[in-house]
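Only heavy atoms go into these numbers, but all of them, side chains included; no hydrogens, no water, no symmetry mates. On a predicted model such as this, the values are computed, not experimentally measured, just so you know.
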Amino acid sequence: MNTALFPEVVVNGETISRASIAAEAQFHPAPKGKPGFAWHAAARALAVRALLIQEARRQDLVAVPDDLGEGRRETDEDALIRALIEAELAGTPLDEARLHEAWVKNPAHFRSPPLWEVSHILCACDPANPVAKADALARAGSLATRLRADPGAFARLASEESDCGSGSRGGSLGQIGPGDTLPEFEAALRGLEEGQVTADPVLTRHGWHLIRLDAVAEGRELPYAAARPRLAEAMEKVNWTRVSRELVTRLIAAAEIRGVRLDFQPEGR
């Protein structure tokens with residue numbers, strides 16, 4: 001990209017270098033052959049970021065970077081932006097009446113997780129090995145055919161054929177809940193009725209599974225006190241988005257910006 005074709009961006013006297021915009025542009029998608037879209041999106045993002053950091057410094061905010069996990073840590077500037085928005089949110093306490101109203105309108109939406117009692121037969125393989133994958137699928141398909149002819153043979157076939165240690169228990173995995181197993185396994189499980197076996201083998205990183213839902217205990221409706229943390233988290237996210245938008249709009253309206261047009265920026269700015 002020829003950066004000379006794009007104007008210099010200045011936010012309240014602070015210049016955002018073309019090199020910084022070019023580096024940011026890689027994170028913004030653009031139509032093929034039209035790099036200008038990514039450039040201008042990057043310029044807008046960095047201009048807004050500059051406004052937020054300037055305001056945080058104007059307010060003499062101090063922030064300690066958070067540990068984001070997996071060896072990642074917030075940058076000093078990201079911590080400042082977070083502190084700024086948190087300061088704005090401090091004047092927007094959670095509305096207890098609105099939280100309770102949201103629960104009253106749809107208490108069935110707030111339930112404890114279900115519990116499933118599950119059995120399976122595993123035909124183990126490395127899915128990255130095409131030959132082993134195909135052989136295990138053929139074996140699982142044969143077992144599925146036998147089960148369709150004799151559903152009561154599940155425990156015996158599990159003990160004789162399963163490559164999982166649960167085979168010694170007739171394939172029983174006991175009780176599991178959401179998140180306790182692999183996503184593909186859980187997705188198949190959610191589509192079953194009590195006593196039903198998956199019509200086709202299900203592939204996970206361990207191999208092919210035939211899954212039977214032995215019993216299900218549906219989650220119960222939670223009282224308001226138990227549902228409140230989830231409601232509060234959702235409302236905090238809504239408030240964060242609203243306060244952030246209002247703050248940025250206010251900062252843009254008061255700013256002197258050259259080289260890029262931001263949303264809500266008055267004509268002539």
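Between E246 and R242, at least one side-chain nitrogen of the basic residue sits less than 4.0 Å from a carboxylate oxygen of the acidic one, meeting the salt-bridge criterion. In summary, R49 and E77 engage in a salt bridge, as defined by a charged side-chain N under 4.0 Å from a carboxylate O. With respect to E96 and R228, a salt bridge is recorded, a charged nitrogen being found less than 4.0 Å from a carboxylate O.
With rounding to the nearest 0.5 angstrom, the CH2 atom of W240 is 6.0 Å from the CG atom of L89. Note: L173 CG to D180 CG = 10.5 Å, rounded to the nearest 0.5 Å. One finds the CZ atom of R261 at 10.0 Å from the CD1 atom of I252 (value rounded to the nearest 0.5 Å). Taken from CG in N239 to CD in E88, the straight-line distance is 12.5 Å, to the nearest 0.5 Å. The distance from the CG atom of L231 to the CG atom of L94 is 10.0 Å, given to the nearest 0.5 Å. One finds the CD atom of E161 at 10.5 Å from the CG atom of L210 (value rounded to the nearest 0.5 Å).
Under the 4.5 Å side-chain criterion, counting only non-hydrogen atoms from C-beta, V248 is not in contact with L262. Between R190 and P178, some side-chain heavy-atom pair lies under the 4.5 Å cut-off. When side chains are defined from C-beta on, L46 counts as touching S20, because their heavy atoms get closer than 4.5 Å. Taking 4.5 Å as the limit, some side-chain heavy atom of L147 sits within range of a side-chain heavy atom of L157. In this structure, P65 and T75 have side chains that are not in contact, with every pair of non-hydrogen atoms separated by 4.5 Å or more. Between H206 and L182 there is a side-chain heavy-atom pair separated by less than 4.5 Å. Inter-residue side-chain proximity for L203 and E184 is flagged as unmet; no heavy-atom pair is nearer than 4.5 Å. A heavy-atom distance below 4.5 Å is not found between the side chains of W208 and I121.
In this structure, E55 and L84 approach most closely via the heavy-atom pair CG-CD1, 3.8 Å. When every heavy atom of A132 is checked against every heavy atom of C125, the shortest pair comes out as O-CB, 3.6 Å. Pairing each heavy atom of F154 with each of R212, the nearest pair is CB-NH1, 3.2 Å. Contact detail for Q54 and E14: the closest heavy-atom pair is NE2-OE1, 2.8 Å. Of all heavy-atom pairs spanning E74 and V64, the tightest one is OE1-O, 4.3 Å. Contact detail for E24 and A42: the closest heavy-atom pair is CG-CB, 3.5 Å.
In this structure a side-chain-to-backbone donor-acceptor pair under 3.5 Å is missing from R258 to V10. Side-chain atoms of D67 never come within 3.5 Å of backbone atoms of R73 as a donor-acceptor pair (strictly under, hydrogens ignored). No side-chain donor-acceptor contact under 3.5 Å links T15 to the backbone of S17. In this structure, the side chain of R148 engages the main chain of A199 through a donor-acceptor pair within 3.5 Å. Between the side chain of S159 and the backbone N or O of R156 there is at least one donor-acceptor pair closer than 3.5 Å. No side-chain donor-acceptor contact under 3.5 Å links N12 to the backbone of A255.
The side-chain contact (heavy atoms from CB on, under 4.5 Å) test applied to A155 returns no partner, not counting sequence neighbours. Not counting sequence neighbours, the partners of H100 by the ring pair (Phe, Tyr, Trp, His ring centres under 6.0 Å) test are W103, Y224.
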Exercise for the section: Step by step, work out the side chain to side chain contact (heavy atoms under 4.5 Å, CB included) result for H40 and V9. Expected result: CA-CA 10 Å; H40 289 294; V9 175; over 6 Å; no

Practice task
Evaluate the side chain to side chain contact (heavy atoms under 4.5 Å, CB included) criterion for residues L137 and C123: first the C-alpha distance (whole Å), next the side-chain angles of each, then the deciding distance (0.1 Å), finally the verdict.
Solution key: CA-CA 7 Å; L137 175 59; C123 296; over 6 Å; no

Please list every donor-acceptor pair under 3.5 Å in which a side-chain atom of residues 113-120 meets a protein atom from a residue at least two apart or in another chain.
residue: S119; atom: OG; partner: D214; partner atom: OD2; Å: 2.6
residue: H120; atom: ND1; partner: H209; partner atom: ND1; Å: 3.0
residue: H120; atom: NE2; partner: S166; partner atom: OG; Å: 3.4

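Sparse packing is recorded around CD of E193, with 12 or fewer heavy atoms of other residues, nucleotides or ligands lying under 6.0 Å away. Atom CZ of R98 has 12 or fewer heavy atoms from other residues, nucleotides or ligands within 6.0 Å.
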